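Heads up, the thing below is written out as structure tokens.
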Amino acid sequence: MTERQTPLLDELEKGPWPSFVKEIKKSRKNPMAEDLLGILERSYREKIGHWKHGGIVGVMGYGGGVIGRYTDIPEDFPNVAHFHTIRVNQPAGWFYTSDVLRKICDIWERRGSNITNMHGSTGDMVLLGTTTDQLEPIFSELTELGFDLGGSGSDLRTPSCCNGQARCEWACYDTMGACYAITQEYQDELHRPAFPYKYKNKFAGCPNDCVASVARSDLSIIGTWKDSIQIDQAAIKAHHSDINMVDDVTSRCPTGCMKWDGAKLSIDNANCVKCMHCINVLNRALAPGKERGATFLLGAKAPIVGGALLASVMVPFVPADEVVDTIKELNEAIWDDWGENGKNRERVGEYIQRIGMGNFLERIGLAPVPQMVIHPRTNPYIFFEASEEE
Amino acid sequence: MCADRKTDIGPPHHDKFLPPIIKNNYGKWKYHETPQRGVLLHVGEKGDKLWSVRAATARIASIETIRLFADIADKFSDGYLRWTSRNNVEFLITDESKVKPCIQKLEAEGYPVGGTGNGLTNIVHTQGWVHCHSAATDASGVVKALMDDLFPYYHDKELPGKVRIAFACCLNMCGAVHCSDIALLGVHRRLPAIKHDIIAKQCEIPSTVAACPTGAIRPKTVDGHQSVEVIEEQCMYCANCFTVCPAMTLNDPEMDGLSIWVGGKVSNARSEPMFSKLAIPYIPNEPPRWPTAVKAVRNIVETYAKGARKFERVGEWIERIGWPAFFDQTGIEFTKYHIDDFTHAGETFKRSAQLRH
């Protein structure tokens, strides 16, 4: 196959940042990659995409994990007429060995486009572009290697987590362990879409939230602690002499719960909201407390359909060793209610807005607590229940 | 179905891929520091040391590149590597003498090391014209052009705080860019073109009508075909209808483009998580290198770099100086499009006389 001319894309090989055009060109001995270059050059020239809606393709018995993709100009680019994406459920924390990566590459070289995303937005390893007849053989070879597909469509999307206790001193619970346990527990919900819309669990080890769980997951599990921040007073001077204790630390505390007297840092822990700033800055001297666990928040989503939402508090604190069981209890209570009563394409956050948080809490069996709100309602239009009438 | 067909096995357990030093120190790390940009040093309670060398990738990775990373891992990190939540790759090194050679090798191969601490890291982004049907713009190309321009802030130059840039090529926002310091979002600006002759065959009319957040779509018979109509003044080009119905297309070469949003965050450090807010409603698509968008983002980053205090995120800086000062200092025009008119619009109106004059 002769190499296509790509004058516009060639402009994106210049400059210090890694070039996606170089990545596709590295793969161009594969005819699919060659045609992908061609179709992309066409898009750059015409300022419009050339992909159609996904059709229903997949592996036997699964409803998710493969995104069907077809071009609208197959006559010009026959090698990407079918160009389906496979989502491969990543190992928790995105850890790999060279050995296993090579084996995945070998499968993809024989059966796909040679192009991947490391990783897609949900967290999966994305194998970008293959044909329908290759799906079953790829699936079979992946499972032989110990891998499985991730989620897509109206199902439990592939859970993802920060690297937690594997490589972070701030992780307040085992995010990778929890992510693995939940992924394994709900293989059916992950592979066979049966919900009103997508549903995500993300696991962050501390309130820094490196996986953006508060913005991106329906149920967000963020590590935190209950007791006092651990302080090593000597380490402040020994290791953080470059830090201005007032300008950089105490004055930045959102609740003003810290004092520095020139030699000693004191913290009014009852008023600490676990924001992490002081611990981030003085990481040799301060650490989260010892009574660790997680805060559970619910309802985040991007704009589609009814507007973007951040998650809000459901359970203020769950001890670390009860995190996995509590996720299961909450997930299942939510699926029982929203799964039954949610409208088509209504995320759980939107469902809550429609039926009311108070009603939702009753339905899933959670008691209302003041931590759930910024402040109580200001409007007097209260839906008193009939039974409370005198 | 074949008898030995494996299904529902889930991902492999991560233990298989963790280096011994991580297994030995799991949950027992004491602290970390950043000996140089792009390198994290984690120290365990018993003094074990792990260097993580972080390099940028394009997110799109050829198997040739993954094999290259595998070779680099074999040479410098006993075969162990991981990816971050923002498309960087990290090599997990236990022998300090291998850190510098690993960095040199990665940079020689075109994968620059950086992205830690106060500054920029990799941009999380979507598929764009590479692989998506609803993209209002490309993703990889804009990201490449932006990061080429802002490269020093990834590689060696510091900013007051962390700056997280995210890119989504339509309002579906795969990856959710709505809480980023700077977000670029592809937008449509033209009414859906309805293929009246095939819509009833391709789509369910009731679910297409129901997909519209503003109720702008009504069933209608057009030229004898069962179809729909769109009430023009109620359409905000969100493409929800296109998501459920391929016969209502919004992609348009001249009207599609980008919007820029600022001041979001997900971390709880100091301030609570915040949404990104509109800075620039529309910038046209300018492939291959989107110069107007690149210039606009650079302006925001540099104005922030000049005005923000240490550790302040973009949103915290703007909240301190006030939005009028943000528009004044960046020179960005404030228009009627900046004032919300959707469901929760009123919450963003200013309701006090506390103003800087």
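These figures come from a predicted structure and were not determined experimentally.
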So for A:His191, is it side chain, backbone, both, or neither that comes closer than 4.5 Å to the heavy atoms of chain B?
side chain
B:Cys179 versus A:Leu310, closest heavy-atom pair with distance
SG-CD2, 3.6 Å
Can you tell me which portion of A:Val305 sits under 4.5 Å from chain B's heavy atoms? Options are side chain, backbone, both or neither.
both
Where does A:Glu144 contact chain B at under 4.5 Å (heavy atoms): side chain, backbone, both or neither?
both
Donor-acceptor contact present, side-chain A:Tyr62 to main-chain B:Asp8, <3.5 Å
yes
Answer with side chain, backbone, both or neither: which region of B:Ala211 has an atom nearer than 4.5 Å to a non-hydrogen atom of chain A?
both
Is it the side chain or the backbone of A:Gln184 that comes within 4.5 Å of chain B heavy atoms, both, or neither?
side chain
Qualifying residue for side-chain hydrogen bond (donor to acceptor under 3.5 Å, both in side chains) with B:Glu64, from A:Lys29, A:Lys25, A:Lys26, A:Lys22:
A:Lys29
At what distance, to the nearest 0.5 angstrom, does CZ of B:Phe17 lie from CG of A:Leu101?
8.0 Å
Under the 3.5 angstrom rule, does the side chain of B:Trp129 hit a backbone N or O of A:His50 as a donor-acceptor pair?
no
Answer with side chain, backbone, both or neither: which region of B:Phe151 has an atom nearer than 4.5 Å to a non-hydrogen atom of chain A?
side chain
Is the side chain of A:Thr116 donor-acceptor paired with the backbone N or O of B:Ala61 at a distance under 3.5 Å, no angle test?
yes
Quick check on A:Leu40 against chain B: is it the side chain, the backbone, both or neither that has a heavy atom closer than 4.5 Å?
side chain
Under a 4.5 Å heavy-atom cut-off, does chain B meet the side chain of A:Asp248, its backbone, both or neither?
both
Tell me, for A:Asp106 versus chain B, whether the close heavy atoms (under 4.5 Å) come from the side chain, the backbone, both or neither.
both
Which atoms of B:His155 come close to chain A, meaning under 4.5 Å heavy atom to heavy atom: side chain ones, backbone ones, both, or neither?
neither
Is B:Phe342 close to chain A through its backbone or its side chain, or both, or neither, when contacts mean heavy atoms under 4.5 Å?
side chain
Atom CD of residue position B:Glu204 - does it have more than 12 heavy atoms of other residues, nucleotides or ligands inside 6.0 Å?
no
Where does B:Asp78 contact chain A at under 4.5 Å (heavy atoms): side chain, backbone, both or neither?
neither
Just by modelled atom types, is the B:Asn25 backbone N or O under 3.5 Å from a matching donor or acceptor in the A:Gln165 side chain?
no
Pick one of side chain, backbone, both or neither for B:Glu109, based on which atoms fall under 4.5 Å of a heavy atom in chain A.
neither
Heavy-atom cut-off 4.5 Å, strictly under: side chain, backbone, both or neither for B:Lys6 against chain A?
both
Region of B:Leu146 that comes under 4.5 Å of a non-hydrogen atom in chain A:
neither
Answer yes or no: is there a donor N or O on one side and an acceptor on the other, between the side chain of B:Arg82 and the main chain of A:Gly93, under 3.5 Å?
yes
Where on A:Val59 is there a heavy atom nearer than 4.5 Å to chain B: the side chain, the backbone, both, or neither?
both
By a 4.5 Å heavy-atom criterion (distance strictly below it), what part of B:Glu316 contacts chain A: side chain, backbone, both, or neither?
neither
Answer with side chain, backbone, both or neither: which region of A:Arg192 has an atom nearer than 4.5 Å to a non-hydrogen atom of chain B?
side chain
With a 4.5 angstrom heavy-atom cut-off, is it the side chain or the backbone of B:Thr243 that approaches chain A, or both, or neither?
both
Would you find a donor on one side and an acceptor on the other, under 3.5 Å apart, between the side chain of B:His42 and the backbone of A:Arg167?
yes
Do any N or O atoms from the side chain of B:Asn87 and from the backbone of A:His119 form a donor-acceptor pair under 3.5 angstrom?
yes
Contacting moiety of A:Arg252, where chain B heavy atoms sit under 4.5 Å:
both
Is B:Glu272 in contact with chain A via its backbone, its side chain, both, or neither, using a 4.5 Å heavy-atom distance?
neither
Are the side chain of B:Lys144 and the backbone N or O of A:Lys14 linked by a donor-acceptor pair below 3.5 Å?
yes
Using modelled atom types and a 3.5 Å cut-off, is there a donor and acceptor pairing between side-chain atoms of A:Trp17 and backbone atoms of B:Ala145?
no
Which atoms of A:Ser213 approach chain B - backbone, side chain, both or neither, heavy atom under 4.5 Å:
neither
Does the salt bridge (Lys or Arg N to Asp or Glu O under 4.0 Å) test come out yes or no for A:Arg102 and B:Asp71, once each step is laid out?
CA-CA 10 Å; A:Arg102 287 193 187 101; B:Asp71 291 345; 2.8 Å; yes
Please classify the contact of B:Phe242 with chain A as side chain, backbone, both or neither, using a heavy-atom distance under 4.5 Å.
both
Using side-chain heavy atoms (C-beta onward) and a distance below 4.5 Å, is B:Leu92 in contact with A:Phe95?
yes
Reported SG-to-NE2 distance for the pair A:Cys161 and B:His14, which is rounded to 0.5 angstrom
7.5 Å
Can you say whether A:Gln353 sits under 4.5 Å from chain B via the side chain, the backbone, both, or neither, judging by heavy atoms?
side chain
Interchain contact, A:Lys301 with chain B, by part (heavy-atom threshold 4.5 Å)
backbone
At a heavy-atom separation under 4.5 Å, does B:Ile21 approach chain A through its side chain, its backbone, both, or neither?
neither
Interatomic distance, CG@A:Asn114 vs CD1@B:Ile63, rounded to 0.5 Å, equals 3.5 Å
List in chain and number order the residues that pass side chain to side chain contact (heavy atoms under 4.5 Å, CB included) with B:Ala168, two or more places apart in sequence or in another chain; answer none if no residue qualifies.
B:Thr126, B:Met173, B:Val177, B:Leu185
Side-chain (B:Asn285) to main-chain (A:Lys47) donor-acceptor, under 3.5 angstrom
no
Report which part of A:Ser140 has an atom under 4.5 Å of a heavy atom belonging to chain B: side chain, backbone, both, or neither.
neither
Output for pair (A:Leu8 CG, B:Arg289 CZ), nearest 0.5 Å, gives 12.0 Å
Give, as side chain, backbone, both or neither, the part of B:Ile9 having an atom under 4.5 angstrom from any heavy atom of chain A.
both
